[in-house]
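Atoms within each ligand, like the ligands themselves, are counted from 1 in listed order. From a predicted model like this one, the values you see are computed outputs, not experimental measurements.
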Amino acid sequence: MSDQTQTSSEQTAGAPAIDVPVVVLSHRAPVQFRREKGKRLIRRGAGGLVTALVGLAGQLEDAVWVCAATTDEDSAVAAEHEGGAVPLVMTAEPRPADGDEPDDAPVLDVRLVDVPPQEHEDFYQVFSNPLLWFIQHGLYGHATTPVIGRREREAYEQGYVPVNEAFAEAVAEEVRARGGRALVLLHDYHFYLVADRVRQACPEVVLSHFIHIPWPGPDAWVVLPQDIREQIFHGLLGNDVVAFHTERFARNFLLCVQELLGLPIDLQQKTVSYQGRTVAARTYPISIDVGALEEMAASEDVAERREELERDLLPDGEQLLLRVDRTDPSKNIVRGFLAFELLLEQHPELVGRLRFLAFLQPSRLDVPEYADYLGRIGAVVARVNAKYARTGYAPIDLRLQEDFATAVAAYTLCDAVLVNSIADGMNLVAKEMVVVNTRDAVLCLSESTGAHAELGHFAVTLNPFDIQQQADALHEALTMAPDQRRQRLEAAAGVVRANDIGKWLDAQIADLRDLTGLWAGPARGDELQPEEGAVG
Ligand code: G6P
């Protein structure tokens, strides 16, 4: 195996053990507990963070992951452990640890926090999604939305605030249990108020908050009432580092705290001075576990699914356009189908020869905006298919399901992939497809994705709002000369292989080590002072 195809765990195998306790916080858990036929089942969660951290777990002396209980069985587990953590061996099929594991086993303590259902609904269904999500992805049409009324304010005051307090307390308890010193890695838009509270409770802590979604400039944030947005910014400034996928998001964050809080920033150093401390805005583009994905693409399971797809969608060696997404309005799925309709209208020779596989995972259907969006997806697909269907041919194959093996099979087989997001923190579909595709597929990539900063050069760039431009770009992709397609795909895959998920977490930990001097020994303010330039 070459260096470039190592998995994250292999990449970190030679790295020194991290001798500071690590406390991670995210809303989604690295595992989900379920009960089937009276039996408790544990399923490992997907996603970059789980992969990266589990890859590192063998090197961590002590790590706990605090997250939300989201199933009934999660709540049962939380109750059985009286809110405390459950030690798990995080293999492909996670199991409870029995204490006899070897030192380098990927053991992770998982602490499931159960909050009252009404609080969680306000926190998740009204404030985090849609309000914060829509603001940060630029999804509101300000002539009519959002309307911030009593419901929204209550969702903040009686949902987002108490849920953040509950999680901050859980994190602080874990830090205190470790002598008050730990590296705390917070994640995403659900927990903007946590850092400040944890710092107050545990002043010796080192805090970093990774924001996985876009960070827009100050104008986007004035949609929120001043008191709420200021609490959010003050909450985040409790960190030592606030981390993003791209330089643009990091710069926007600094401009926000300058403009909306009047704080002094340094755009060169990418820092803000706050209450006698320095807070750094940093950039770490997330990636994928290349080795694991390649292994999966070579599996029997994927081969079977590939055969099925080939039989159903490419019976005569025609062309396949693919998209793989959650049914999220930020993914711009409806405009993607409108662009595809234009493509067929303007290039009738493609009718009967080009199929569009839309592999979509229903998402957040408890949030009205998402349920409505799913309805609109169904309607536009029905219309386009009715217009262009022939015997034995429907142009769009819409599959509403979550099945990663089929998605990977489709990645290997497609001729072009459509990623036309209105805004996207990163977009891992783009990175996954270029690594495993075997037909020199062309990446059609929105300029408003984080991935565009790394892969735009090898992609056909899309304007997410301009459906004619998207139709033209799709045509360019589907008719591109074979050698150009191959060169672009190989170059894009090379970039992803060289920047695997393991690097993403290693780089953050190395920077935190440099910035805070945490690992050097005794407590801060004691014998050891932070190194020069440190932000602690
Ligand atoms: C994005 C967010 C994650 C979130 C995921 C799925 O990737 O950055 O924090 O977990 O979407 O959304 P869900 O609401 O289903 O957790």
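Between Met433 and Leu443 there is a side-chain heavy-atom pair separated by less than 4.5 Å. Inter-residue side-chain proximity for Glu152 and Pro146 is flagged as unmet; no heavy-atom pair is nearer than 4.5 Å.
Comment: Arg34 does not engage Glu73 in a salt bridge, judged by the lack of any side-chain N to carboxylate O separation of less than 4.0 angstrom. Remark: Glu93 does not engage Arg43 in a salt bridge, criterion side-chain N to carboxylate O under 4.0 Å.
A donor atom on one side chain and an acceptor atom on the other are not found under 3.5 Å apart for Ser446 and Asn420.
Side-chain atoms of His120 do not come within 3.5 Å of backbone N or O of Pro116 as any donor-acceptor pair.
Counting the atoms of ligand 1 from 1 in the order shown, those under 4.0 Å from a heavy atom of Arg364 are 1 (C), 5 (C), 6 (C), 11 (O), 12 (O), 13 (P), 14 (O). Within the listing of ligand 1, atoms 13 (P), 14 (O), 15 (O), 16 (O) sit less than 4.0 angstrom from a heavy atom of Tyr124. With ligand atoms numbered from 1 in the order given, ligand 1 contributes 9 (O) to contacts under 4.0 Å with heavy atoms of His190. Those atoms of ligand 1 that come under 4.0 Å of a heavy atom in His212, given as number and element, are 8 (O). Near Arg28, the atoms of ligand 1 lying under 4.0 angstrom from a non-hydrogen atom of the residue are 10 (O), 13 (P), 15 (O), 16 (O).
At a 4.0 Å heavy-atom cut-off, ligand 1 does not touch His27 at all.
For the pair His187 and ligand 1, no heavy-atom separation below 4.0 Å is found.
When only interatomic distances are considered, the shortest N/O to N/O separation between Asp188 and ligand 1 falls below 3.5 Å.
Ring centers of Tyr284 and Trp504: at least 6.0 Å apart, outside the cut-off.
Atom 7 (O) of ligand 1 is not flagged as protein-proximal [any protein heavy atom, distance under 4.0 Å].
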